[in-house]
4 protein chains.
Amino acid sequence: MFETTLAVIGNVLTAPEWRRTSSDNTLVANFRVASTSRRYDRETGAWVDGHSLRVRVSAWRRLAENVASSIAVGDPIVVYGRIYTRDWVDDDNNNRISYEMEAYAIGHDLNRGRARFYRSKPAAS
Amino acid sequence: MFETTLAVIGNVLTAPEWRRTSSDNTLVANFRVASTSRRYDRETGAWVDGHSLRVRVSAWRRLAENVASSIAVGDPIVVYGRIYTRDWVDDDNNNRISYEMEAYAIGHDLNRGRARFYRSKPAAS
Amino acid sequence: MFETTLAVIGNVLTAPEWRRTSSDNTLVANFRVASTSRRYDRETGAWVDGHSLRVRVSAWRRLAENVASSIAVGDPIVVYGRIYTRDWVDDDNNNRISYEMEAYAIGHDLNRGRARFYRSKPAAS
Amino acid sequence: MFETTLAVIGNVLTAPEWRRTSSDNTLVANFRVASTSRRYDRETGAWVDGHSLRVRVSAWRRLAENVASSIAVGDPIVVYGRIYTRDWVDDDNNNRISYEMEAYAIGHDLNRGRARFYRSKPAAS
């Protein structure tokens, strides 16, 4: 079966934090994103908030590096990636589930502003 | 902003349960689906399990009706819909989050078997 | 970069045709699907047809086999897969582009009817 | 039925052109984007080009304005929106189909560089 992919259009909720993995020193950045849909209420004739989605995003390697230097709390972004569940046990020994999204691509949402882009030099492979 | 939509290809984890809403007697069916990705491991040259996603699905009205009569635990399905978070408070007064998916469409996955389809008569609108 | 994936919810426009590839005798089925969106017109207070999408779908191997035996013209389906362009030259020597979708999963849309599913025996791998 | 949405991660092929609609003076920008997937070839042990997708993108209103001032040929971007077909008749009176994507959101792909974002002042609504 396949990775479950999705695109989230929303706002950055928490400042990206980055670290290197202990195993192989890979850079990873994490932050939370929130998206709230808007729907037209036929009875009142007004747009109202619909469902919302909040999810933790991880970005790796060069994407992590550029996220860390480009993205701040409140920024409107579009994130494309895969979503999955992670099982864990909390302090009270309860089985818990969390949902995480690994980003394949992240960009500022040009609906909400202009962007100036500084392309990285291609890595020598 | 927009609904966050996704397609999940996986297996039915729990038998669909259905009920009618108290407010307006609408039929809703709920079940859980699990999807496990497979990836090719270059070092061993074998396919291995990757991330998995488990999520609760709700289906409404005619979709609920047909899900209840067509789908059983273990069935391979494809679900398309929107995902969102729901906030709640557990018995110990902790804030908790759960993720739910409202299905726009559900079908048996024809990768795994044949299907015979009995089309509903169109509702008189 | 990544495959561009999408889910199409629509109706089968043409009966699935199947053949075996000359290179390695793989089974492939092809058909066309059409999806027409509906949108609420605020001025008239009615639902009207919006954009539509028609695209050629290919399915391979076991999916092709089950599509060929399960799907007929007019059936409501959900298709998940990747979309890509194919370049070709027409009889008048013009460069042409067509869009094709390779299905990862296909199922009957349970919004529109009930289904009875006959699971294949797992292939001995 | 529903809009068919997709996310394209690729590069800008043509410079955005913008105009105002004659009917109501709405700003619209158009450009083409190309995405080429990469896949791992097990026989050679190397990554090779897979399928590619090229599609014309339209952006409206504020998104059009910011696209016009932020995006240039060759830029790596992520585009999320809906895809549909448009029917037309060519000079030789042949029925033709083209595929177009209306963008809901567009951003520079931070896999490939850093971005500086200048948020618009919210419009007085």
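Here is how names work: the chains are called A, B, and so on, in the same order as the sequence lines, proteins then strands, and each is numbered from 1. These numbers were taken from a predicted model, which means no experiment stands behind them.
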Let me see the donor-acceptor pairs closer than 3.5 Å between chain C and chain B, or none if nothing turns up.
unit_1: C/N66; atom_1: ND2; unit_2: B/L110; atom_2: O; d: 2.8
unit_1: C/N66; atom_1: ND2; unit_2: B/G113; atom_2: O; d: 3.3
unit_1: C/S70; atom_1: OG; unit_2: B/A115; atom_2: N; d: 3.1
unit_1: C/G74; atom_1: O; unit_2: B/R119; atom_2: NH1; d: 2.9
unit_1: C/Y104; atom_1: O; unit_2: B/N111; atom_2: ND2; d: 2.6
unit_1: C/I106; atom_1: O; unit_2: B/L110; atom_2: N; d: 2.9
unit_1: C/L110; atom_1: N; unit_2: B/I106; atom_2: O; d: 2.9
unit_1: C/L110; atom_1: O; unit_2: B/N66; atom_2: ND2; d: 2.8
unit_1: C/N111; atom_1: ND2; unit_2: B/Y104; atom_2: O; d: 2.6
unit_1: C/R112; atom_1: O; unit_2: B/S120; atom_2: N; d: 2.8
unit_1: C/R112; atom_1: O; unit_2: B/S120; atom_2: OG; d: 3.3
unit_1: C/G113; atom_1: O; unit_2: B/N66; atom_2: ND2; d: 3.3
unit_1: C/R114; atom_1: N; unit_2: B/Y118; atom_2: O; d: 3.0
unit_1: C/R114; atom_1: O; unit_2: B/Y118; atom_2: N; d: 2.7
unit_1: C/A115; atom_1: N; unit_2: B/S70; atom_2: OG; d: 3.1
unit_1: C/R116; atom_1: N; unit_2: B/R116; atom_2: O; d: 2.7
unit_1: C/R116; atom_1: O; unit_2: B/R116; atom_2: N; d: 2.7
unit_1: C/Y118; atom_1: N; unit_2: B/R114; atom_2: O; d: 2.7
unit_1: C/Y118; atom_1: O; unit_2: B/R114; atom_2: N; d: 3.0
unit_1: C/R119; atom_1: NH1; unit_2: B/G74; atom_2: O; d: 2.9
unit_1: C/S120; atom_1: N; unit_2: B/R112; atom_2: O; d: 2.8
unit_1: C/S120; atom_1: OG; unit_2: B/R112; atom_2: O; d: 3.2

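Pairing each heavy atom of C/A115 with each of B/F117, the nearest pair is CB-CD1, 4.2 Å.
Note on B/I77, B/I71, B/V79, B/V78: by heavy-atom pairs under 4.5 Å with chain C, the leading option is B/V78.
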